[in-house]
Participant: 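One structure, pasted below without further comment.
A note on names: the letters A, B, ... follow the listed sequences, proteins ahead of strands, and every chain is numbered from 1.
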Protein chains: 2
Amino acid sequence: MSVSEKNQPEASEVRERILDAAEELFAEQGFDAVSLRQITTRAEVNLAAVNYYFGSKGGLVVEVLARVVGPINQRRLQMLDEAETQAAGQAVEVETILAAVFRPVIVSMNESEHSRQVVMKLAGRCMSEAGSEMPEAMRRLFREVADRFCASLSKALPRLSAAEVFWRMHFTIGSMLYALTQHETLVLLSDGKVLADDAEKALEELVAFTAGGLRAQNAKEGAGK
Amino acid sequence: MSVSEKNQPEASEVRERILDAAEELFAEQGFDAVSLRQITTRAEVNLAAVNYYFGSKGGLVVEVLARVVGPINQRRLQMLDEAETQAAGQAVEVETILAAVFRPVIVSMNESEHSRQVVMKLAGRCMSEAGSEMPEAMRRLFREVADRFCASLSKALPRLSAAEVFWRMHFTIGSMLYALTQHETLVLLSDGKVLADDAEKALEELVAFTAGGLRAQNAKEGAGK
DNA sequence: ATACGTTTAAAACACTTGTTTTAATTGTCA
DNA sequence: TGACAATTAAAACAAGTGTTTTAAACGTAT
């Protein structure tokens with residue numbers, strides 16, 4: 001009988017070390033590319049411990065993801081709550097909504113002891129890598145925030161049809177994920193014009209770009225050439 | 001001595017079948033997830049044929065990618081050429097530049113016999129999946145188009161600094177890739193409000209969004225609150 | 001037909017993967 | 001202290017990977 005059947009909140013020396021090691025490795029190389037032996041070696045733990053504590057590699061992935069993404073999504077909802085109560089029934093400004101989606105990633109990045117890149121890449125991978133086989137648990141984790149932000153955006157952009165809101169949320173997510181996972185590429189390609197490690201600047205640019213995209217004229221309405 | 005050392009353009013029955021099968025499978029599941037046995041089985045070809053014709057799995061990946069992305073990039077440059085000569089020294093409109101980046105994917109999609117999704121996902125994966133270990137050959141394939149479009153965009157958006165052009169090209173690419181690779185997710189999440197298989201509509205929405213993002217006010221200039 | 005280079009075929013190779021099994025160790029409560 | 005569960009450890013397992021080897025078949029020009 002494994003420890004995972006216990007009801008009390010699971011906490012164990014080696015369990016934590018496995019989660020920490022897996023988090024870093026997954027962020028660097030992706031879920032499939034990392035082997036259990038890599039993880040257990042870095043964690044200085046026996047190989048079988050992973051299956052003992054998490055049942056399978058898949059179980060470990062889910063727990064790593066939940067531990068990173070859970071607090072981020074929680075803070076997202078909280079920030080949106082505050083913005084909406086402050087708006088008192090009126091529509092929240094687009095930039096404020098976007099900041100509520102993006103900023104929690106930075107916050108979570110700063111308050112944990114992880115290297116900056118880890119949180120960013122992990123959060124990104126969990127959506128881009130896990131196509132349709134993304135476990136149900138994850139889908140549920142994201143469903144609430146997606147619905148809330150969809151509603152909030154629809155209210156802020158009454159000119160857009162429901163379908164258009166979906167399209168543009170989609171593009172917004174794409175911009176965010178690419179920024180999270182491919183930041184080094186940008187730094188590299190820009191020849192020093194874009195600095196690494198300036199998360200605030202990245203947030204600023206991301207909000208500006210996506211806000212512009214969300215507010216853009218309808219394709220049809222546009223310049224009647 | 002393998003056939004790949006010959007100087008004449010390589011063309012062979014089984015070679016083509018391998019490329020076709022690999023293309024589909026890579027698009028569906030990604031490069032690492034697909035095994036050589038899957039490929040050779042679908043191609044109805046002996047396992048060793050892959051190493052015979054392509055040297056290694058990596059060699060196969062490169063050739064598949066080049067065969068898909070090469071023509072797309074060629075058409076991109078051609079469309080941009082036409083737009084720039086027509087503009088006669090003046091800046092090309094942002095929407096026109098974006099269409100020159102995005103439309104070739106659709107064109108390539110329609111003229112080949114591949115299933116629609118194949119080209120889209122493959123083109124997407126080749127940038128999102130191959131982080132920094134993307135082979136040099138690929139980097140060179142994309143370098144020219146990236147440079148050309150960067151220059152064209154800078155001219156069309158003189159208000160933006162060089163760094164900001166990089167940032168926004170980055171987000172633009174992210175939107176495109178996410179649209180290419182995660183289109184099914186969007187269709188699914190939208191509850192029928194967004195239709196699959198409507199590439200023209202997708203292009204239209206993508207251009208509208210990214211044009212809006214590119215033209216957005218600077219973060220600093222924005223609403224002086 | 002013989003010989004030769006090219007291509008296909010089958011099998012084996014060396015290695016890695018996630019997972020189990022089995023045994024030893026540890027800690028805790030009666 | 002003794003007993004029982006939880007945990008750690010080491011080894012083996014079965015399956016799959018890319019690649020190489022070896023031999024057979026093929027086609028073509030001498």
Participant: Measure from CD on A:Gln38 to C1' on C:dT17 and round the result to the nearest Å.
Facilitator: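 Going from A:Gln38 (CD) to C:dT17 (C1'), I get 11 Å.
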Participant: Would you indicate whether the side-chain heavy atoms of B:Ile39 and B:Ile18 approach each other to under 4.5 Å?
Facilitator: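 Heavy-atom side-chain distance check passes, below 4.5 Å.
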Participant: Find the distance B:Asn46:CG to C:dT8:P and express it as a whole number of Å.
Facilitator: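 Distance check: B:Asn46 CG to C:dT8 P gives 9 Å.
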Participant: On the 0 to 90° scale, with breaks at 30° and 60°, tag the A:His170-B:Tyr178 ring pair as parallel, tilted or perpendicular.
Facilitator: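 Judged by the thresholds at 30° and 60°, the geometry between A:His170 and B:Tyr178 is tilted.
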Participant: Do the side-chain N or O atoms of B:Tyr53 get closer than 4.0 angstrom to the phosphate oxygens (OP1, OP2) of C:dT8?
Facilitator: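 So the side-chain polar atoms of B:Tyr53 do come within 4.0 Å of the phosphate oxygens OP1 or OP2 of C:dT8, strictly under.
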Participant: Does B:Arg75 reach the main-chain N or O of B:Pro104 with its side chain, forming a donor-acceptor pair under 3.5 Å?
Facilitator: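 Here the side-chain-to-backbone pair does not exist.
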Participant: What string of B, S and - do you get for nucleotides 18-23 of chain C, 5' to 3', when a contact is any protein heavy atom under 4.0 Å?
Facilitator: BBB---
Participant: Using a 4.0 Å heavy-atom cut-off, does A:Val14 contact any base of the nucleic acid, only the sugar-phosphate backbone, or nothing at all?
Facilitator: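 The residue A:Val14 makes sugar-phosphate contact but no base contact.
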Participant: Starting at atom OH of A:Tyr52, determine the distance to atom C1' of C:dA24, rounded to an integer number of angstrom.
Facilitator: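 After rounding, the gap between these two atoms is 14 Å.
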Participant: Who are the salt bridge (charged side-chain N to carboxylate O under 4.0 Å, His left out) partners of B:Glu44, not counting sequence neighbours?
Facilitator: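 B:Glu44 satisfies salt bridge (charged side-chain N to carboxylate O under 4.0 Å, His left out) with no other residue.
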Participant: Do B:Leu98 and B:Leu206 have side chains that approach each other closer than 4.5 Å (heavy atoms only, starting at C-beta)?
Facilitator: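 No; the side chains remain at least 4.5 Å from each other.
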Participant: Measure up the A:Phe209 and B:Phe171 rings against each other and bin them: parallel (under 30°), tilted (30 to 60°), perpendicular (over 60°).
Facilitator: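 Rings of A:Phe209 and B:Phe171: tilted, as their planes differ by 30° to 60°.
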Participant: Nearest whole Å is fine: how far is D:dT8 P from A:Phe54 CZ?
Facilitator: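 Going from A:Phe54 (CZ) to D:dT8 (P), I get 11 Å.
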